[in-house]
Amino acid sequence: MPKKEKKAKTPLSDEEQLLLFQQKLLAEEEMAKKKERLLSQFLKDKLAKEEHSSALNLNKINTQWRTVLREVKTRELHKDIEILSQTFERVVDCKDNVIKSLAKDLSEAEEQYARALRSHLHNVDQLLALQRHRLSLLEESYNMELEALTKEFETERKTIIDQHEKEIHYLQDIFMAMEQNYIDSEYESKLEFQSMWNDLKNMNLEEKHFLRLHLENIVEDLWRKFQDVLKNYTDATEDRKAAFETLQVKDEKSSKEIEVHMKKIQKLQDAITISKGKIMIHSRESEDENRYIRNDKELVLVQLRKLKAQRTQARAASQKNLVKLTLESNATLKALRKIVDKGEKILKLAEICRKFETEEEKVLPFYSSVLTPKEQEGIEENNLEELTEELAKVMVDYTGMENFWKRYNKVKLEQLSLQHRRAQLLDINGKLREMLKQYLDGISVSDEVLSQLNPLFIVNYQSNLPQPLSIPTAHPGSTSPSAPWRDQRRSFFLGLG
């Protein structure tokens, strides 16, 4: 094989050299950037390791410090718990004592409440029994009145029904007799009507046959004329032929309808003439019958008026009784409602007054009598001698209210005593005010005080009070009427001093 010849190196141009130089610079820049990246990554990794190690060390220090703090805190908490347990035991002991005292008070209050409730329920049961007794009496009286009214109503109703049935039977007999008379007259009129109808039918047939022949001749003449006119008209107006045919059909229909109506009119005229003849005949025959019927009708109307008057009287009486009964029932209901409202009001007032009762009143709501047995027997004998029968009955009805009147009288006496005590205190207060005013006037100096009489104002051993002419000598055993008042005034001034 022949040897390959070495290629000769061609010299580079300026542009190629510049490109090679730029490529070298770019490669050097990339290498410098890679070195910077590696160095920054190394530093970052080292910083992360340092931070991790510092965090671990800090956590170790914190854990050790926390254990020390926990031990100190546990000791403090143990001491606090011991103190709190002692205080809690003391508080619990105090609360137990309070609970025991409250339980004791509660049991006593429950016993008092049970006693008061039993007494209250007993009183309520007595009131309810009294009210039920009154209601039973009112109900019995109401039922007795109702039975009496129902009996009266039933007797009146039976009498009215019997009279009504008798009158109905009488009118039915009259109607049967009239109906029989009408049937006989109707049969005779039917026979006459049939004979007249046959005669008129024959006459009408003959006249109809004659008129038909005459009309047929006239129609044939008219038809011929009409055909001539029709030919001329069809020649002149072919367009109106269809309309004419339709009108012709309508004409045929109307002619048939006219024939039917004429037949009906003829029949009606025949019936009218026949009925007029019958009416004349029947009017003559029925005049006498109508007279008898009018007389019977007048009698029936008189009896009917009497029955209506009796019925209105009975209805008015029953209406009055019903109105009276409703009014009485409404009055009783209103009275019972008032009684119930009064009882509810009394119970509400009793509940309100219960709050203001003392413990003694709750335990013993009804006080025993202050009188001796002999005095009480004497009062009962006097009351029995003075009482009448009616008053005794009323008192027997209200025996259950004795305990109520006892409590009411007790409250009334307490009210009067308090009013009397208030008047006494007001009197004492007025006297003390006057004494205080006199004292203040005596120790103060003003124009108003100097113008009035003042026992303490002394000038040159002289007072402005008028001097008595003679001073009576007091006996050793006697006392002046103003001595107690002076003593009371002296004690009051000493108390002020």
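With contacts defined as side-chain heavy-atom distances shorter than 4.5 Å, the pair Gln163/Leu307 qualifies. Inter-residue side-chain proximity for Lys276 and Met280 is flagged as unmet; no heavy-atom pair is nearer than 4.5 Å. Lys35 places none of its side-chain heavy atoms less than 4.5 Å from the side chain of Leu39. Side-chain contact between Glu30 and Lys33 is absent, with no heavy atoms from C-beta onward closer than 4.5 Å. In this structure, the side chains of Lys158 and Ile161 stay at 4.5 Å or more apart for every pair of heavy atoms. Contact of the Ile183 side chain with the Glu179 side chain is registered, since non-hydrogen atoms from C-beta on lie closer than 4.5 Å.
With rounding to the nearest 0.5 Å, the separation of CZ in Arg433 from NZ in Lys431 is 15.0 Å. In this structure, the separation between CG on Leu299 and CG on Leu304 is 12.5 Å, given to the nearest 0.5 Å. One distance of note links CG of Asn123 with CZ of Arg118; it measures 13.0 Å at 0.5 Å rounding. With rounding to the nearest 0.5 angstrom, the CG atom of Leu128 is 10.0 Å from the CG atom of Leu121. Rounded to the nearest 0.5 Å, atoms CG (Leu416) and CZ (Arg421) are 15.5 Å apart. Atoms CG and CD, from Asp105 and Glu110 in turn, are 11.5 Å apart once rounded to the nearest 0.5 Å.
With sequence neighbours left out, the side chain to side chain donor-acceptor pair (under 3.5 Å) criterion links His52 to no other residue. For Lys190, the salt bridge (Lys or Arg N to Asp or Glu O under 4.0 Å) partners are Glu186, not counting sequence neighbours.
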Next on the checklist: I'd like to know whether Gln131 forms a side chain to side chain contact (heavy atoms under 4.5 Å, CB included) with Leu127, so could you lay out the CA-CA distance, the side-chain angles of the two residues, the decisive distance to 0.1 Å, and finally the verdict.
Outcome noted: CA-CA 6 Å; Gln131 187 64 27; Leu127 289 170; over 6 Å; no
Next on the checklist: Assess the residue pair Leu25 and Glu28 against the criterion (side chain to side chain contact (heavy atoms under 4.5 Å, CB included)); give the C-alpha distance rounded to whole Å, side-chain angles, the decisive distance to 0.1 Å, and a yes or no.
Outcome noted: CA-CA 5 Å; Leu25 289 172; Glu28 288 176 357; 4.1 Å; yes
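For the pair Asp427 (side chain) and Ala423 (backbone), a donor-acceptor distance under 3.5 Å is absent.
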List the atom pairs, with distances to 0.1 Å, where a side-chain N or O of residues 334-347 and a protein N or O form a donor-acceptor pair under 3.5 Å, not counting sequence neighbours.
none

Hey, can you pull the donor-acceptor pairs under 3.5 Å for the side chains in residues 324-331, sequence neighbours left out?
residue: Thr326; atom: OG1; partner: Leu322; partner atom: O; Å: 3.0
residue: Thr326; atom: OG1; partner: Val323; partner atom: O; Å: 2.6
residue: Ser329; atom: OG; partner: Leu325; partner atom: O; Å: 3.2
residue: Ser329; atom: OG; partner: Thr326; partner atom: O; Å: 2.6
residue: Asn330; atom: ND2; partner: Thr326; partner atom: O; Å: 3.0

Please set out all donor-acceptor pairs under 3.5 angstrom arising from side-chain atoms of residues 85-96, sequence neighbours excluded.
residue: Ser85; atom: OG; partner: Ile81; partner atom: O; Å: 3.1
residue: Ser85; atom: OG; partner: Glu82; partner atom: O; Å: 2.6
residue: Thr87; atom: OG1; partner: Ile83; partner atom: O; Å: 3.2
residue: Thr87; atom: OG1; partner: Leu84; partner atom: O; Å: 2.7

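More than 12 heavy atoms of other residues, nucleotides or ligands sit less than 6.0 Å from atom CZ of Phe193.
His420 and Gln424 form a side-chain donor-acceptor contact under 3.5 Å, judged by distance and modelled atom types alone.
Residues in residues 165-176 take part in no salt bridge (charged side-chain N to carboxylate O under 4.0 Å, His left out) pair, two or more places apart or across chains.
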